[in-house]
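Report on one structure; see the data block that follows.
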2 protein chains.
Amino acid sequence: MSHMGYGCLMAVDRDHVLRSAAALLTRKSTATMDEVAKAAGISRATLHRHFAGRDALVRALEALGIAECEAAVDAARLDEGPASDAVRRLVREIESAAGLLAFLYTENQLFEGEAQNEGWSRIDGRIAALFRRGQDSGEFRIDLTPAWLTEALFGLLASGAWVVQSGKVAPKDFHHMIVELLLGGALRREES
Amino acid sequence: MSHMGYGCLMAVDRDHVLRSAAALLTRKSTATMDEVAKAAGISRATLHRHFAGRDALVRALEALGIAECEAAVDAARLDEGPASDAVRRLVREIESAAGLLAFLYTENQLFEGEAQNEGWSRIDGRIAALFRRGQDSGEFRIDLTPAWLTEALFGLLASGAWVVQSGKVAPKDFHHMIVELLLGGALRREES
DNA sequence: CCCATGTGAGACATTGATGTCTCATTCAAG
DNA sequence: CTTGAATGAGACATCAATGTCTCACATGGG
């Protein structure tokens with residue numbers, strides 16, 4: 001077990017650190033490396049052995065967020081069945097990553113450079129394609145652009161994660177809240 | 001003009017500094033006091049004469065945001081006419097402050113203390129009351145809580161400001177985008 | 001038992017932002 | 001012109017976070 005380098009329980013430790021870092025940074029985005037370490041139950045030295053610095057940590061969180069989003073998009077099978085059902089599946093799959101997403105959403109440091117991670121563009125593209133498919137099939141209205149609907153979805157996910165974390169609404173309402181508002185809006189449907 | 005203390009053009013200067021600070025910090029929330037000063041066209045010394053420190057600057061921005069929100073809520077006359085029209089007026093009135101709102105939205109430092117500015121609670125309460133009025137009158141669906149609709153409105157305003165600033169959609173579409181998604185959702189209405 | 005690896009604790013220098021100071025300059029009122 | 005106030009430029013100390021280092025411990029495999 002000498003030359004294994006990274007592997008074995010290293011991976012789960014690293015993942016655990018990322019999870020707790022995400023949870024902490026979502027609440028307090030200015031948390032110190034020391035606080036992040038304490039939150040993960042390790043020392044600052046060990047944290048620094050896993051991630052070269054704060055920058056590397058945030059990048060790793062971004063990579064994790066992208067991976068989870070992409071996995072959710074895959075699992076939701078966006079091109080099968082009615083577009084609105086695909087949206088429901090997507091929100092369901094992405095729900096567990098919403099906290100992490102909310103953190104990354106506020107970390108505009110990630111987007112100010114001209115070289116933003118292409119993973120986001122790919123995810124944006126796939127979700128926008130879903131909305132476009134819904135428009136083409138006549139399910140969705142065409143006066144709201146796919147790009148805006150995609151952005152609004154992420155915004156609502158972040159708002160939802162935030163409002164759940166603040167305790168204002170129950171976690172079990174997360175999916176219904178977001179899907180119903182995004183698809184149906186606040187107005188009552190006409191009783192036909 | 002010796003003993004006037006603060007007044008006269010001091011006020012407009014202070015306001016101008018706040019505006020440019022908001023515009024800059026919305027794009028780069030980690031901007032230095034020096035960058036903020038440069039963005040406002042003044043020196044760091046002068047900036048520091050207006051605001052004791054970075055903290056005071058952020059607090060002043062929060063106060064400005066609260067004031068503009070409250071003014072928008074007043075101007076929108078939330079308790080007159082159909083609730084959906086009131087929502088449209090509210091978004092219209094609040095549009096010019098959306099950039100500032102988007103910045104404050106990501107500044108979770110403002111909300112982590114137990115003593116969050118009561119201005120927000122008051123605004124939240126007034127907007128939630130509007131949604132509740134719409135539910136009571138039968139305009140709005142009742143399965144989405146007023147608290148969530150309020151939070152979602154702010155989330156969509158932030159997303160809208162962000163997507164406009166990134167150039168993905170035109171500023172003139174801001175109002176339509178947000179109001180239509182919030183009220184009507186992505187689904188096409190049945191042709192009755 | 002012995003050793004190697006991972007870890008925690010802590011010391012230390014570095015760095016970048018910040019807050020405070022002084023001083024020369026500008027500008028408008030008198 | 002004179003004067004006073006506000007400003008810009010810059011020097012300076014401070015401070016908190018960071019990155020790097022060493023050393024002791026303990027744990028598990030040989």
Side-chain angles (χ1 to χ4, degrees), chain A residues 1-62 103 106-110 112-113, chain B residues 1-62 103 106-110 112-113:
Chain A
M1 266 212 188
S2 56
H3 55 291
M4 72 184 334
Y6 295 88
C8 193
L9 24 139
M10 287 292 294
V12 325
D13 267 338
R14 183 187 156 98
D15 190 74
H16 168 245
V17 171
L18 278 176
R19 298 290 168 181
S20 29
L24 173 61
L25 290 173
T26 299
R27 295 193 304 270
K28 178 177 174 159
S29 63
T30 64
T32 295
M33 290 293 275
D34 206 55
E35 298 175 282
V36 172
K38 288 225 187 325
I42 62 176
S43 75
R44 197 164 68 94
T46 304
L47 173 63
H48 213 271
R49 282 177 194 116
H50 285 324
F51 306 98
R54 186 193 189 75
D55 222 46
L57 175 63
V58 173
R59 291 296 166 179
L61 283 171
E62 183 186 29
F103 162 67
T106 68
E107 203 68 3
N108 38 28
Q109 165 192 7
L110 294 173
E112 65 194 18
Chain B
M1 264 212 187
S2 56
H3 54 290
M4 71 183 336
Y6 295 90
C8 194
L9 24 138
M10 286 293 293
V12 325
D13 268 340
R14 183 188 156 97
D15 191 74
H16 168 245
V17 171
L18 279 177
R19 298 289 167 184
S20 29
L24 173 61
L25 289 174
T26 299
R27 294 192 304 269
K28 178 176 177 171
S29 62
T30 64
T32 295
M33 291 292 276
D34 206 55
E35 298 174 282
V36 172
K38 288 226 187 322
I42 63 177
S43 73
R44 197 163 69 94
T46 304
L47 173 62
H48 211 270
R49 283 178 193 114
H50 285 324
F51 305 98
R54 185 190 190 75
D55 219 48
L57 176 63
V58 173
R59 291 296 166 178
L61 284 171
E62 183 186 30
F103 162 67
T106 68
E107 203 69 3
N108 39 26
Q109 165 193 7
L110 294 173
E112 66 194 17

To the nearest 0.5 angstrom, please state how far the [atom1] atom of [X] sits from the [atom2] atom of [Y].
| X | Y | atom1 | atom2 | result |
| --- | --- | --- | --- | --- |
| A:Thr26 | A:Glu107 | OG1 | CD | 10.0 Å |
| B:Lys28 | B:Phe103 | NZ | CZ | 13.5 Å |
| A:Leu57 | A:His48 | CG | NE2 | 10.0 Å |
| A:Leu47 | A:His50 | CG | NE2 | 8.0 Å |

How about B:Phe51 and B:Val58: do any of their side-chain heavy atoms sit closer than 4.5 Å? no
Between atom [atom1] in [X] and atom [atom2] in [N], what is the gap in whole Å?
| X | N | atom1 | atom2 | result |
| --- | --- | --- | --- | --- |
| A:Ile42 | C:dA9 | CD1 | P | 11 Å |
| A:Arg14 | C:dT7 | CZ | C1' | 18 Å |
| A:Leu47 | C:dA9 | CG | C1' | 15 Å |
| B:Arg54 | C:dG19 | CZ | C1' | 14 Å |

Out of C:dT20, D:dT20, D:dT7, whichever nucleotide has its closest atom nearest the side chain of A:His48: D:dT20
Side chain of B:His50 only, please: which of D:dT7, C:dT18, C:dA9 is the nearest? D:dT7
Are the side chain of A:Ser29 and the backbone N or O of A:Leu25 linked by a donor-acceptor pair below 3.5 Å? no
Examine distances only and state if a side-chain atom of A:Thr46 and a backbone atom of A:Ile42 form a donor-acceptor pair shorter than 3.5 Å. no
Residues touching DNA chain D, which here means a heavy atom under 4.0 Å, drawn from residues 23-38 of chain B: none
Show me, pair by pair, the donor-acceptor contacts under 3.5 angstrom made by side chains of residues 30-39 of chain A, not counting sequence neighbours?
| unit_1 | atom_1 | unit_2 | atom_2 | d |
| --- | --- | --- | --- | --- |
| A:Thr32 | OG1 | A:Glu35 | OE1 | 3.3 |
| A:Glu35 | OE1 | A:Thr32 | N | 2.7 |

Could you list, one pair per line, each protein nitrogen or oxygen that sits under 3.5 Å from a nitrogen or oxygen of nucleotides 12-15 of chain C, together with the distance?
none

When you check the phosphate oxygens OP1 and OP2 of C:dG8, does a side-chain N or O of A:Thr46 lie under 4.0 Å from one of them? yes
